[in-house]
Amino acid sequence: MERAKKFYAELFDWKIEKFPGPIDYYAITTTAENGEEGLDGGLVKREEPQDTIVNYVDVPSVDEHIVKVEKLGGKVVVPKMAIPGIGYAAVCIDTENNTFGLWECDEDAKMKQCESCGMPLDEKTTSKFDDRYCIHCQDQQSGELATKEQVREGSIKSAMQFMGKTREEA
């Protein structure tokens, strides 16, 4: 991260500063040739080697633009997600297989969490019966809510399966 910050700051004379909050995100401020404020951006650590630069377009509503993307033949590859205290983002692919992001500023943005266990909720983890709960806390066949003990036991079981161990081996 330090090397990338130094590179872009020196190459383009960008101002790159840590954005306040728990996310390791750096805000980029640019200046146009005429001295006026230019396009701004951000810098985050690459999580996977195949991750590439994603250009985000500031829109009034990520939700409305996701609908437009799909109507025009594009695809949403990362659904709308909250960046707490900053805004909302989504990543899409256009009709020519180019990746781009949608960005909506909103200082009141909050990550939606399961009211039972606190797990972040998204399209894949939200219960089909009640969007206040995750698929681990609400049985997807009966709609019954699990007890805290059942949720805890399920979490332990999932973690052990992930590690390839049985409860006895662990």
Side-chain touch Thr126/Ile135, heavy atoms, less than 4.5 angstrom: no

Mutual orientation of the aromatic rings belonging to Tyr56 and Trp103 [parallel < 30°, tilted 30-60°, perpendicular > 60°]: perpendicular

Any Pro60 side-chain heavy atom under 4.5 Å of His65 side chain: yes

Donor-acceptor under 3.5 Å (Gln138 side chain, Gly143 main chain): yes

Residues, nucleotides or ligands: over 12 heavy atoms within 6.0 Å of Asp13 CG: no

Sub-4.5 Å side-chain heavy-atom contact between Asp24 and Tyr26: yes

Connected via hydrophobic side-chain network under 4.5 Å: Val44 and Trp14: no

Donor + acceptor pair across side chains of Glu36, Thr31 (<3.5 Å): no

More than 12 heavy atoms from other groups under 6.0 Å of CD on Gln50: yes

Separation of Leu43 CG from Phe7 CZ (nearest 0.5 Å): 11.5 Å

Separation of Ile86 CD1 from Tyr25 OH (nearest 0.5 Å): 7.0 Å

Student check: side-chain heavy atoms of Asp40 and Ile28 closer than 4.5 Å: no

Under 4.5 Å side-chain linkage, directly or through intermediates, the cluster mates of Val69: Val57, Val59, Val62, Ile66, Val76, Tyr88, Phe100, Leu102

Heavy-atom pair of closest approach, residues Ala109 and Gly87: CB-O, 3.4 Å

Electrostatic pair Lys6:Glu10 at N-O distance under 4.0 angstrom: yes

Shortest non-hydrogen contact from Glu2 toward Lys5: OE2-NZ, 3.0 Å

Within 6.0 Å of CD1 in Ile53, more than 12 heavy atoms from elsewhere: no

Distance in Å, Asp139 CG paired with Leu145 CG, rounded so as to fall on 0.5 Å steps: 9.5 Å

Thr30 side, atom OG1; Tyr8 side, atom OH - distance, nearest 0.5 Å: 14.0 Å

Short side-chain to backbone donor-acceptor contact, Lys128 and Gln140, under 3.5 Å: yes

Nearest-0.5 Å distance, CD of residue Glu47 to NZ of residue Lys45: 7.0 Å

ILVMFWY network linking Ile93 to Met81, side-chain heavy atoms under 4.5 angstrom: yes

Minimum-distance pair of heavy atoms, taken over all atoms of Ala27 and Phe19: CB-CD1, 4.2 Å

Nearest-0.5 Å distance that lies between atom SG in Cys92 and atom CG in Leu72: 11.0 Å

4.5 Å side-chain heavy-atom contact, Lys68 and Lys71: no

